[in-house]
Amino acid sequence: MLRLFAALPVPPDVSRPLLKLQKDLTGASWRPEENFHITLCFYGELSHTQARDLDDLLGAIDRPAFDIALEGAGWFGRREPTAVWARVRESDELRALASQCERAARRLGIAREKRPYTPHITLAYCHGTPLDAARAWTERHQAHRSPPWQASHFHLYSSQSRSTGPSRYIAEADYPLSGFTAPEGMY
């Protein structure tokens, strides 16, 4: 079984400044830079056969490349924060790509996430973080912005648990978006 999700990678010039935000929050388990991504659709545990079928469907997605940027911060968890994150600016292009990734799940009968799609980059998972602390951390980082970058491709990632430390995310497959030509050796 493979634990899979589709996501946009985050370039280093956008991810490095996020590391400076990772401080001063009680109960935060900060994520390493190599785990930063923008989830499009979480698929969960799939068999190798389901993963191959999903790969075929994701490979057939024909969406144009688009600009994306970060603006602000937020948290999940109404009464008890579960994560803090950098907000991804909303766009029709991003929503359309996420919708097509979700459509692939529906076609394969994969259970979908019930919560509404909120594009973000998880910076920390929270354990016992007071709500006021998450609110104050978020307010301090509302002014965070990134320069826009082009979402030129997305990946099918596997999530591999480790006995210590955060899970490791591996890009198992790459899917270019149309209108973008990858430099030699990129894939």
Side-chain angles (χ1 to χ4, degrees), residues 3-23 25 28-43 55 58-59 61 63-76 81-102 104 113 115-126 134 137-138 140-162 165-183 185-187:
R3 186 174 172 85
L4 299 173
F5 61 94
L8 294 166
V10 179
D13 60 327
V14 174
S15 64
R16 280 189 207 111
L18 293 173
L19 297 172
K20 295 176 184 172
L21 308 181
Q22 293 184 308
K23 61 183 178 181
L25 182 61
S29 176
W30 301 110
R31 312 319 301 155
E33 182 181 9
E34 62 268 17
N35 281 8
F36 292 170
H37 64 273
I38 301 165
T39 300
L40 297 166
C41 187
F42 179 75
Y43 301 109
D55 177 52
L58 295 177
I61 291 175
R63 299 288 320 161
F66 58 93
D67 285 342
I68 194 165
L70 302 181
E71 54 181 26
W75 79 89
F76 290 127
T82 57
V84 293
W85 38 267
R87 182 182 321 280
V88 176
R89 182 186 309 146
E90 289 280 347
S91 74
D92 291 340
E93 295 89 351
L94 175 59
R95 286 221 170 257
L97 179 58
S99 178
Q100 285 198 281
C101 290
E102 184 180 324
E113 182 71 42
R115 295 174 287 191
Y117 180 62
T118 303
H120 68 280
I121 298 172
T122 301
L123 300 180
Y125 292 115
C126 298
W137 182 90
T138 299
R140 280 194 309 275
H141 300 297
Q142 279 309 313
H144 180 79
R145 301 288 185 269
S146 74
W149 76 93
Q150 187 172 65
S152 58
H153 61 287
F154 68 101
H155 299 303
L156 179 61
Y157 286 95
S158 65
S159 175
Q160 300 176 357
S161 296
R162 297 192 267 190
S167 295
R168 184 171 166 223
Y169 301 150
I170 310 273
E172 301 290 350
D174 302 297
Y175 310 101
L177 298 173
S178 62
F180 176 79
T181 305
M186 181 173 177
Y187 294 120

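Below, each value reflects all heavy atoms present in this structure, side chains not excepted, and no hydrogens, waters or symmetry copies. The structure displayed is predicted, hence computed values, not measured ones.
The main-chain N or O of Ala134 is found under 3.5 Å from a side-chain atom of Thr138 such that the two form a donor-acceptor pair. Counting only distance, with no hydrogens or angles, the side chain of Asn35 and the backbone of Ser167 share a donor-acceptor pair below 3.5 Å. No donor-acceptor pair under 3.5 Å is formed between the side chain of Gln22 and the backbone N or O of Ala124. Formation of a donor-acceptor pair under 3.5 Å by the Tyr117 side chain with backbone atoms of Thr39 is found in this model.
Taking each heavy atom of Trp85 and Ala83 in turn, the nearest pair found is CD1-O, 4.0 Å. Taking every heavy atom of both residues into account, Tyr175 and Ala173 meet most closely at OH-CB, 3.2 Å. Across all non-hydrogen atoms, the minimal contact from Ala69 to Pro148 is CB-CA, 3.9 Å. The shortest non-hydrogen separation linking Phe36 to Arg31 is CE2-O, 3.6 Å. Of all the heavy atoms in Pro9 and His155, the pair that sits closest is CG-NE2, 3.7 Å. Contact detail for Ala86 and Leu70: the closest heavy-atom pair is CB-CD1, 4.2 Å.
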> Are Leu97 and Leu8 close enough, and set up right, to give a side chain to side chain contact (heavy atoms under 4.5 Å, CB included), and what steps lead you there?
Replying inline: CA-CA 10 Å; Leu97 179 58; Leu8 294 166; 4.1 Å; yes
> Taking it one step at a time, do Leu21 and Trp30 satisfy side chain to side chain contact (heavy atoms under 4.5 Å, CB included)?
Replying inline: CA-CA 10 Å; Leu21 308 181; Trp30 301 110; over 6 Å; no
>> Set out, in order, the CA-CA distance, both residues' side-chain angles and the distance that settles ring pair (Phe, Tyr, Trp, His ring centres under 6.0 Å) for His120 and Phe76, then state yes or no.
In response: CA-CA 11 Å; His120 68 280; Phe76 290 127; 4.9 Å; yes
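Between Phe66 and Ser91, some side-chain heavy-atom pair lies under the 4.5 Å cut-off. Looking at Cys126 and Leu25, their side chains come closer than 4.5 Å, going by heavy atoms from C-beta outward. In this structure the side chain of Thr118 never reaches within 4.5 angstrom of the side chain of Val88, judged on heavy atoms. The shortest side-chain heavy-atom distance between Gln100 and Cys41 does not fall under the 4.5 Å cut-off. Contact of the Leu177 side chain with the Ser152 side chain is not registered, since no non-hydrogen atoms from C-beta on lie closer than 4.5 Å. A heavy-atom distance below 4.5 Å is found between the side chains of Phe154 and Ile61. Residues Cys101 and Tyr43 meet the side-chain proximity criterion, which asks for heavy atoms closer than 4.5 Å.
Rounded to the nearest 0.5 angstrom, Ile38 CD1 and Ile68 CD1 are separated by 3.5 Å. Atom OG of Ser15 is separated from atom CD of Glu34 by 9.5 Å, given to the nearest 0.5 angstrom. Rounded to the nearest 0.5 angstrom, Leu4 CG and Tyr157 OH are separated by 12.5 Å.
The residues Arg63 and Glu93 are annotated as not salt-bridged, no charged nitrogen and carboxylate oxygen being separated by less than 4.0 angstrom.
The aromatic rings of His141 and Trp137 sit tilted, their planes meeting at an angle between 30° and 60°.
For CZ of Arg162, the number of neighbouring non-hydrogen atoms (other residues, nucleotides, ligands) closer than 6.0 Å is greater than 12. Annotation: Asp92, atom CG; neighbour count of heavy atoms from other residues, nucleotides and ligands within 6.0 Å does not exceed 12.
The one candidate from His144, Arg145, Glu90 that meets the side chain to side chain contact (heavy atoms under 4.5 Å, CB included) condition with Glu71 is Arg145.
The distance between the ring centers of His37 and Phe5 falls below 6.0 angstrom.
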